[in-house]
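Can you read through this structure? Questions will come right after.
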Amino acid sequence: VQLQASGGGLAQAGDSLRLSCVASGRTYGTELVGWFRQAPGKEREFVAAIRWNTATTYSANATKGRFFISGDNPKKVYLHMNSLKPEDTAIYYCALSKVYSGRFGSTDFEFWGQGTLVTVSS
């Protein structure tokens with residue numbers, strides 16, 4: 001499985017951005033596609049995920065109400081980011097898992113994209 005994240009860039013506080021994650025390869029059996037982010041000097045953190053079998057979405061408290069995840073199918077998933085803040089500045093990664101464990105840590109996803117940088121200025 002290969003994942004390609006795109007859509008990052010420079011934004012101002014209050015702006016919106018949409019990130020895209022395109023999956024290719026052996027995506028059969030995908031259970032979960034998620035987004036993580038890693039800000040400079042910080043650990044990677046969960047942002048949002050979508051579970052295909054139940055069409056359920058999950059969001060981190062830090063971004064709930066501003067960010068939401070959607071997808072056409074497991075091969076194309078989006079992260080819609082609204083009301084951006086400078087603290088949203090980070091590299092955003094998409095990730096995929098063929099197992100649903102009910103947990104959303106970095107180790108719960110087997111496949112990762114290369115990340116796309118989002119920079120939000122005040």
Side-chain angles (χ1 to χ4, degrees):
V1 175
Q2 294 80 44
L3 300 169
Q4 179 75 39
S6 62
L10 181 63
Q12 292 189 329
D15 283 353
S16 297
L17 280 178
R18 187 185 77 168
L19 305 183
S20 298
C21 177
V22 176
S24 59
R26 297 182 178 181
T27 59
Y28 178 80
T30 295
E31 279 284 338
L32 208 59
V33 179
W35 288 94
F36 287 74
R37 67 183 182 182
Q38 187 165 18
K42 295 189 176 181
E43 292 188 354
R44 191 172 298 187
E45 64 175 358
F46 170 73
V47 176
I50 183 167
R51 187 182 179 198
W52 292 104
N53 282 351
T54 60
T56 304
T57 60
Y58 307 86
S59 296
N61 289 333
T63 55
K64 194 169 289 185
R66 296 190 300 119
F67 292 9
F68 66 96
I69 189 170
S70 69
D72 299 327
N73 52 63
K75 292 190 174 185
K76 195 156 191 180
V77 172
Y78 306 98
L79 181 67
H80 306 263
M81 306 188 296
N82 302 310
S83 302
L84 284 164
K85 303 176 181 181
E87 51 263 43
D88 295 320
T89 294
I91 299 174
Y92 284 73
Y93 299 89
C94 62
L96 182 150
S97 177
K98 294 193 177 185
V99 177
Y100 175 69
S101 64
R103 298 184 300 270
F104 304 100
S106 296
T107 57
D108 297 304
F109 290 78
E110 304 96 272
F111 305 98
W112 290 82
Q114 86 293 353
T116 185
L117 176 63
V118 173
T119 304
V120 184
S121 62
S122 58

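Just so we're clear, the structure is a prediction, and the values are computed from it rather than from any experiment.
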Sequence neighbours left out, cut at 3.5 Å: what donor-acceptor pairs do the side chains of residues 40-49 make with other protein atoms?
{"from": "E45", "atom 1": "OE2", "to": "R37", "atom 2": "NE", "distance (Å)": "2.6"}
{"from": "E45", "atom 1": "OE2", "to": "R37", "atom 2": "NH2", "distance (Å)": "3.1"}

Point to revise | Backbone N/O of S83 and side chain of R66: donor-acceptor pair under 3.5 Å | key: yes
Check your understanding: Quick one: are W35 and Y93 in side-chain contact, heavy atoms under 4.5 Å?
Key -> no
Check your understanding: Going through the checks in order, is the ring pair (Phe, Tyr, Trp, His ring centres under 6.0 Å) test met by Y92 and F36?
Key -> CA-CA 6 Å; Y92 284 73; F36 287 74; over 10 Å; no
Check your understanding: For D88 and M81, what are the C-alpha separation, side-chain angles and deciding distance, and is it a side chain to side chain contact (heavy atoms under 4.5 Å, CB included)?
Key -> CA-CA 9 Å; D88 295 320; M81 306 188 296; over 6 Å; no
Enumerate donor-acceptor pairs with a distance under 3.5 Å from any side-chain N or O in residues 110-120 to protein atoms, sequence neighbours excluded.
{"from": "E110", "atom 1": "OE1", "to": "S97", "atom 2": "OG", "distance (Å)": "2.5"}
{"from": "E110", "atom 1": "OE2", "to": "K98", "atom 2": "N", "distance (Å)": "3.0"}
{"from": "W112", "atom 1": "NE1", "to": "F109", "atom 2": "O", "distance (Å)": "3.2"}
{"from": "Q114", "atom 1": "NE2", "to": "A5", "atom 2": "O", "distance (Å)": "3.1"}
{"from": "T116", "atom 1": "OG1", "to": "G8", "atom 2": "N", "distance (Å)": "3.1"}

Check your understanding: Are any side-chain N or O atoms of T27 and backbone N or O atoms of S24, one a donor and one an acceptor, separated by less than 3.5 Å?
Key -> no
Check your understanding: To the nearest 0.5 Å, how far apart are CD in Q12 and CG in D15?
Key -> 5.5 Å
Review point. Please walk me through it: do F104 and L32 pass side chain to side chain contact (heavy atoms under 4.5 Å, CB included)?
Key: CA-CA 10 Å; F104 304 100; L32 208 59; 3.8 Å; yes
Check your understanding: Going by heavy atoms in the side chains, are V99 and E31 under 4.5 Å from each other?
Key -> no
Review point. Do L17 and L84 touch side chain to side chain, with heavy atoms closer than 4.5 Å?
Key: yes
Point to revise | Partners meeting side chain to side chain contact (heavy atoms under 4.5 Å, CB included) with S70 (sequence neighbours left out) | key: Y78, H80
Revision key, fill the gap. Tightest non-hydrogen contact, residues P74 and V33, listed as O-CG2, 3.8 Å
**Study point:** Whether N73 side chain and K76 backbone form a donor-acceptor pair below 3.5 Å
**Key:** yes
**Study point:** Close side-chain approach of W52 to T30, heavy-atom, < 4.5 Å
**Key:** yes
Check your understanding: Which pair of non-hydrogen atoms, one from D108 and one from S101, has the smallest distance, and what is that distance?
Key -> OD1-OG, 3.6 Å
Check your understanding: Distance from L96 atom CG to C21 atom SG, nearest 0.5 Å?
Key -> 7.5 Å
Point to revise | Criterion side chain to side chain contact (heavy atoms under 4.5 Å, CB included) on I50 and F68, from CA distance to verdict | key: CA-CA 10 Å; I50 183 167; F68 66 96; over 6 Å; no
Check your understanding: When rounded to the nearest 0.5 angstrom, what is the spacing between OG in S121 and NZ in K85?
Key -> 15.5 Å
